[in-house]
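By convention in this document, chain letters (A, B, ...) are assigned in the order of the sequence lines, proteins followed by strands, and residues within each chain are numbered from 1. Only heavy atoms go into these numbers, but all of them, side chains included; no hydrogens, no water, no symmetry mates. All figures in this text were calculated on a predicted structure; none of them were measured in a lab.
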Amino acid sequence: MMTEEISSSQLSKHTGSTVRIHGHIQSLRDMGNLAFVVIRDMDGSVQLVADEQEVLLIVRQAAPETPVIAEGVVVARPQGQGFEIQLKELTLLSTPALSLPVEIGKQSKVDGLSLSTMLDYRPLTLRSPKVRSIFKIEAVFCEAFREFLRERQFTEIHSPKIVATGTEGGAQLFKLNYFGREAFLAQSPQFYKQIMVGALERVFEIAPVYRAEEHDTTRHLNEYISMDVEMGFIENEHDLMDLLNKLVKHMFEKVSQSCGDELSLWGAKIPEVGTIPRVTLSEAVDIINSYQKKGSKEKTDLDPEGEKIICEHFYQKENSDLVFITGYPLSVRPFYAMPLPLQNEMSSRSFDLLFRGLEITTGGQRIHRHEELISAMQGRGLDPEAFKDYLQCFQYGMPPHGGFAIGLERIAKQLLGLPSVKLAALFPRDINRMTP
RNA sequence: GGGAUCGUAGCUCAGUUGGUUAGAGCGCCUGCCUGUCACGUAGGAGGUCGCGGGUUCGAGUCCCGUCGGUCCCGCCA
């Protein structure tokens with residue numbers, strides 16, 4: 001009978017039997033005539049115990065991160081909980097060419113790494129249980145996002161990332177040479193997802209977007225994963241916030257259900273999502289000013305400090321980790337934002353969603369009437385001719401529609417309490433990093 | 001685009017008012033150790049103190065320049 005090949009999460013089902021298991025060596029403790037080898041595999045880790053001379057000789061040739069196939073008997077650990085494998089055979093599948101530049105087997109060492117070391121040695125640091133857990137959680141965020149939207153008849157799309165024009169102008173676009181013509185990397189699937197509302201009514205996309213902005217902060221990337229949604233036949237922006245409210249609730253619940261181990265590595269607490277409070281920008285600014293010390297300057301806008309204050313306020317008042325900010329002035333939104341006329345100012349039917357002090361989503365209703373869109377563009381000095389392909393869908397008739405986009409790395413950063421969004425990207429691209 | 005701050009061993013850091021041979025922990029190498037799990041233990045290797053210039057009898061330490069890192073603002077997800 002063939003020895004069964006299992007992974008570390010299946011140990012308990014094989015107590016007493018001989019199994020094969022493969023993984024990378026995470027730690028080695030040689031006690032002389034006894035050695036302990038912890039290997040890490042795709043879903044956990046397990047300790048191997050070697051006490052036979054032939055096996056011990058092989059163990060002594062191994063180094064941390066060596067990939068191995070082990071064969072032995074699954075036994076309960078004499079002390080503590082869980083299981084270990086009494087080694088009969090160990091095969092080293094390759095030999096690391098270098099000793100490791102950083103110690104990834106010890107959690108405290110991984111936690112202490114500087115950001116640049118963490119990223120310079122990304123192929124290695126990504127292997128540590130705590131680092132890789134970030135990306136398991138992101139995968140579940142994506143699954144949950146897809147699952148929720150598919151159930152509501154949204155269709156997943158893939159829009160082009162090489163584009164001829166930007167959505168707002170052009171300053172923040174990466175330029176590239178497209179067979180001698182000027183092209184850009186898409187900063188958003190905005191136009192395409194709107195166009196697809198005309199075809200499929202409800203669409204979503206999970207894909208990278210590119211921003212050529214020269215910022216250098218813990219919340220910006222020049223390439224990030226945008227989780228985009230767009231839907232037709234809405235009443236107004238509140239339909240979108242209703243949808244987003246349920247969507248993030250589902251995303252957090254799914255991560256809570258299937259990522260217990262990963263969350264506990266970070267000590268992360270899943271937010272309880274009820275009805276997310278909605279405040280207008282001017283209400284938010286008033287709240288922020290009420291917290292400011294006397295004599296300090298009155299805020300007129302929502303800066304990063306204000307975002308933290310407003311989130312803290314709603315956490316204390318309504319036990320909500322999330323808050324919608326609505327009613328942004330039309331002037332600070334893109335030309336396609338639907339206007340919302342108020343008594344003495346021109347507002348927009350758009351919103352941001354803040355999570356624990358950071359903006360994770362922007363969205364809103366879009367202008368769907370062709371003439372209104374043309375005049376909105378002209379009002380901002382944009383030439384409709386440059387957007388004529390986008391404008392086609394409006395010429396053929398578009399329903400009231402809108403959407404939003406969630407920043408994947410940002411939501412992961414906030415959930416796990418990461419010090420930088422760069423840690424939530426596999427291979428982050430920032431103002432001075434293109435490698436690895 | 002504007003600003004702040006830091007560069008000392010593979011990693012994380014200490015290094016006094018400028019003083020003689022630059023340190024620690026972990027890792028690495030060679031041993032010893034049959035229940036380790038931050039294993040223990042004996043020994044060892046490893047440094048152009050980012051780089052260039054200056055001040056000084058003397059610079060890791062002070063000054064100027066430069067390169068790199070980290071962070072903040074504007075802007076954004």
Side-chain angles (χ1 to χ4, degrees), chain A residues 26-38 45-53 56 59-60 63-65 75 77-82 84 86 96 98-121 124-125 167-169 171-172 187-190 206-229 301-307 328 332-334 351-355 358-363 404-414 419-422 424-425 430-433:
Chain A
Q26 189 159 285
S27 73
L28 280 160
R29 277 183 285 276
D30 182 0
M31 318 291 292
N33 287 316
L34 177 71
F36 299 96
V37 181
V38 175
S45 61
V46 59
Q47 174 165 275
L48 314 176
V49 185
D51 59 3
E52 293 170 18
Q53 281 309 315
L56 283 166
V59 167
R60 290 197 185 107
E65 288 311 307
V75 296
R77 293 182 63 145
Q79 289 119 331
Q81 305 168 335
E84 63 184 17
Q86 200 56 228
L98 298 170
S99 64
L100 307 185
V102 297
E103 295 159 62
I104 64 155
K106 283 183 192 156
Q107 200 48 254
S108 60
K109 294 293 176 183
V110 175
D111 289 340
L113 289 179
S114 67
L115 181 62
S116 80
T117 304
M118 178 72 92
L119 298 178
D120 285 344
Y121 297 108
L124 179 60
T125 57
T167 51
E168 266 110 293
Q172 59 228 358
Q187 51 143 211
S188 157
Q190 185 62 34
I206 301 174
V209 295
Y210 302 88
R211 304 276 164 102
E213 293 146 6
E214 296 188 11
H215 35 44
D216 190 6
T217 76
T218 54
R219 62 186 188 282
H220 289 100
L221 291 165
N222 294 291
E223 176 184 59
Y224 70 89
I225 303 299
S226 183
M227 308 173 86
D228 268 272
V229 174
D301 204 356
L302 207 52
D303 57 16
E305 191 198 345
E307 290 181 345
Y328 282 85
V332 302
R333 292 304 211 192
F351 57 86
D352 281 358
L353 178 61
L354 272 39
F355 174 35
L358 182 66
E359 181 182 332
I360 59 163
T361 295
T362 291
F404 50 83
I406 303 170
L408 175 61
E409 295 88 347
R410 280 195 175 182
I411 195 172
K413 169 189 184 284
Q414 293 308 90
S420 171
V421 74
K422 293 170 191 176
D430 65 32
I431 186 161
N432 34 32
R433 179 180 291 275

Kindly give the atom pairs (protein nitrogen or oxygen, nucleotide nitrogen or oxygen) under 3.5 Å for nucleotides 71-73 of chain B.
residue, atom, partner, partner atom, Å
B:C72, OP1, A:T218, OG1, 2.9
B:C72, OP2, A:T218, N, 2.9
B:C73, OP2, A:R219, NH1, 2.9
B:C73, OP2, A:R219, NH2, 3.4

Are any protein N/O atoms closer than 3.5 Å to N/O atoms in nucleotides 5-8 of chain B? If there are, list each pair with its distance.
none

Extract from the structure each pairing of a protein N or O with an N or O of nucleotides 43-47 of chain B at less than 3.5 Å, listing the distance.
none

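For the P atom pair drawn from B:U30 and B:C67, the interatomic distance equals 43 Å after rounding to whole Å. Here, B:U36 and B:U41 have their P atoms 14 Å apart, quoted to the whole Å. B:C62 and B:G7: their P atoms are spaced 10 Å apart (whole Å). Using C1' as the reference atom, B:A42 and B:C33 are 12 Å apart when rounded to the nearest Å. Distance noted for atom C1' between B:G50 and B:C28: 24 Å (whole Å). As rounded to the nearest Å, B:C63 and B:U5 have P atoms that lie 12 Å from one another. Between the C1' atoms of B:C75 and B:A22, the separation comes to 45 Å (whole Å). Nucleotides B:U55 and B:U16 place their P atoms 24 Å apart, quoted to the nearest Å.
A stem is defined here as three or more consecutive Watson-Crick or G-U pairs, each with both distances under 3.5 Å; for RNA chain B these stems are B:1-7 with B:67-73, B:10-13 with B:23-26, B:28-32 with B:40-44, B:50-54 with B:62-66.
Between A:D216 and A:K422 there is a salt bridge, with a side-chain nitrogen of the basic residue lying less than 4.0 Å from a carboxylate oxygen of the acidic one.
Rounded to whole angstrom, the span from the CD1 atom of A:I104 across to the C1' atom of B:C11 amounts to 13 Å.
The salt bridge (charged side-chain N to carboxylate O under 4.0 Å, His left out) check on A:D303 picks up A:K299, with sequence neighbours excluded. Listed by chain and residue number, A:R40, A:R127 satisfy the salt bridge (charged side-chain N to carboxylate O under 4.0 Å, His left out) test with A:E65 (two or more places apart in sequence, or in another chain).
An aromatic stack links A:Y224 and the base of B:A77, using centre distance under 5.5 Å and interplanar angle under 30°.
Across all strands shown, A:S27 has no heavy atoms under 4.0 Å from either base or sugar-phosphate atoms. Among the protein residues, A:Q47 comes within range of the nucleic acid bases, having at least one heavy atom under 4.0 Å from a base atom. Within 4.0 Å of A:I225, counting heavy atoms only, lies no atom of the nucleic acid at all. Residue A:S226 is classed as having no contact, given no heavy-atom separation below 4.0 Å to the nucleic acid.
Under 4.0 angstrom from either OP1 or OP2 of B:G27 there lies no side-chain N or O belonging to A:K109. The phosphate of B:C37 (OP1 or OP2) has no side-chain N or O of A:R29 nearer than 4.0 angstrom. OP1 or OP2 of B:A77 sits under 4.0 Å from a side-chain N or O of A:T362. Checking the phosphate oxygens (OP1, OP2) of B:G68, no side-chain nitrogen or oxygen of A:N432 falls inside 4.0 Å.
The closest donor-acceptor contact from the side chain of A:E409 to the backbone of A:I225 lies under 3.5 Å. Remark: the backbone N or O of A:F355 is paired with a side-chain donor or acceptor of A:Q414 at under 3.5 angstrom. Proximity of a side-chain donor or acceptor of A:R410 to a complementary backbone N or O of A:R219 within less than 3.5 Å is detected. Looking only at distances, a side-chain donor or acceptor of A:T125 sits under 3.5 Å from a matching main-chain atom of A:M118.
Applying the 3.5 Å distance criterion, the base of B:G74 shares no donor-acceptor pair with the side chain of A:E213.
Considering every non-hydrogen atom in both A:L124 and A:I104, the closest pair reads O-CD1, 3.7 Å.
The nearest heavy atom of RNA chain B to A:D51 and to A:M118 marks one nucleotide each, and the one closer to the 5' end goes with A:M118. Taking for each of A:H220 and A:K106 the nucleotide of RNA chain B with the nearest heavy atom, the 5'-most of the two is the partner of A:K106.
Side-chain atoms of A:Y224 and A:R211 include a donor-acceptor pair closer than 3.5 Å.
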